[in-house]
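Residue numbers begin at 1 in each chain, while the letters A, B, ... track the order of the sequences.
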Amino acid sequence: MDKKIYERPLIIKQQSGLMNKFGSSTINAPVTEIDRVPVKDIVEKFGSPVFAFSERKIRNNQREMFRIFKTRYPKVQFAWSYKTNYMNAICSIFHQEGSWAEVVSEFEYEKARQLGVEGEHIIFNGPAKTAAGLERAIKERAKIHIDHFDELYLLIELTEKLNLTADVAIRVNMDVGIYPKWDRFGFNYENGEADQALKRIVLNDKLNLIGLHTHIGTYIMSTEPYKIAATKLVVLANKLKENHNITLDYIDMGGGLPSKNTLKGQYLEAEQILPSYEQYAEAITSPFFNLTMPPNEFPTLIIESGRALIDDAGFLISSVIANKRLSDGRRAVIIDAGVNLMFTSFWFKHRVAPGQNAGSFTENSSLYGPLCMNIDCIREEIVLPALKKGELVVIMNVGSYSVTQWMQFISMRPNIVLVTEEEEAVLIRANENLEYLTSLEVVPEKLKTFTLH
Amino acid sequence: MSKITISSNLAVSDNGFLFLPSTGESFTLNPIGKLILTALKEGKEQKQVIDLITKEYDIDKSSAEKDLEDFISQLKNHKLIIEQ
Ligand SMILES: Cc1ncc(COP(=O)(O)O)c(C=O)c1O
């Protein structure tokens, strides 16, 4: 006789009427496959934990976002924000979809070049560009977004020295009514700094002013700030046309569109409170119709969206190591993926789902990683079904800022796979090993021997 | 393993619903939880309960024992157990 399927014994107290502190008590439906590839097979082949990205989802997200903007403004160009996820395979998907590269360091710049992105399709942002980095960018005709006056003067010096012109834009920061203000980057709009920088550039015949840039922040939860930002850049563009007869190639509105992740302090799920991408696109594009130049001279709208395009394409598949009961009676589930792999869990309540079909019984739990530290908590309060040791837990919406901000700490960083459109899981970054880690270390001669008693 | 005593006025319905008239609290149990609570109420030893589970369900003895310990601590937590 076949035995019945086992589930951990549970007893749950009924809380009549009261909304419990765990927020919505609905649990996520099991994620047993990613684009029809069983997560179980991925773990069998690539180990646990393992990051998995859906190629189909990435492409769909990018195409959908492009459509949303393109139907509202005819000239749109996306630039993939490398820091959001600079795995070569991931960047290449975005480049295949037509996105340029948006980089903020020489390392990212070089990565884009190695992937075959031409300088003219690289947007070089960031406050920390070096003379060497700028020289290369000038020679390769990258789009240099100037962050501050010291950089502007360095650039003037370099173009003189090289006797070359440079394609430049300035980053503008401004009050868009939100906190925190990102006024550390770029030239301020309200106090006239931006005007001053633009004037300085216009007067220099080696600097070719081609655009204006802003990035008002990340995970912006309302559309109004974008409208204000676009309005202000449109004012600057109109002034450049009127006063200096300069026609800009583009206005770059940066990134910051939220993904479907829910912030820690947020009670309602992201979907319930965030505007739609259509509403954001509307806010960004509508001020463009106040541009005063003839329509055939309208600048291209550049979007550097990061998290919104990839968060829901990334999954972290992990396994249950142990179940414990905390002193207050709460269940603690320990999994083999820690916060060192999910830096983002300090800010976001990542969605968590069982990786196999689960019983209908659920329990309030805390979800911990394997690190020997108190901070290694992925979710303090989450409703989970009964999970046995060895069963899979899938953490969702971890596509952005995960595999770029992850830390090698206590354990090695795991494999990253891509679930291709052909529904096959392929390796895109191998797990680290001791050799890889120690290859960078140097032990002074006198420390090479010791005797223990 | 200590002997577990369940208060005698506890009744579990067929679908795993449990009501405590003394406090007005109610609980739900999953099928294995119900099986365990019923067995304990009948005065079975923990060892016997484990045998009962492993005979009926696809689970090894040591996992069943671990989960039983955990379940008992849940019962204690809800003050459904009189310890001796
Ligand atoms: C200049 C710039 N552009 C784009 C992005 C991408 O931002 P997000 O992922 O919020 O869309 C960032 C991220 O901070 C950024 O600094």
What pair of heavy atoms forms the shortest contact from [X] to [Y], and how long is it?
X       : Y        : result
B:Ser73 : A:Arg325 : OG-CD, 3.4 Å
A:Tyr6  : B:Ile32  : CD1-CD1, 3.3 Å
A:Lys3  : B:Thr54  : NZ-O, 2.7 Å

Flag yes if more than 12 heavy atoms outside A:Lys388 fall under 6.0 Å of its NZ atom; otherwise flag no.
-> yes
Heavy atoms from other residues, nucleotides or ligands near CD of A:Glu435 exceed 12 (cutoff 6.0 Å) = no
Partner chain A: residue of B:Ile59, B:Ile53, B:Asn77 with the largest heavy-atom pair count (under 4.5 Å) | B:Ile59
Determine the option with the most heavy-atom pairs under 4.5 angstrom with chain A, choosing from B:Leu18, B:Asp58, B:Asn30, B:Leu75.
-> B:Asn30
Where does B:Leu35 contact chain A at under 4.5 Å (heavy atoms): side chain, backbone, both or neither?
-> neither
Under 4.5 Å between any side-chain heavy atoms of A:Asn323 and B:Lys66, yes or no?
-> no
Considering only NZ, NE, NH1 and NH2 on the basic side and carboxylate oxygens on the acidic side, decide whether B:Asp67 and A:Arg8 come within less than 4.0 Å.
-> no
At what distance, to the nearest 0.5 angstrom, does CG of A:Leu10 lie from CG of B:Leu29?
-> 9.0 Å
What's the spacing between A:Ile12 CD1 and B:Phe27 CZ if we round to 0.5 Å?
-> 10.5 Å
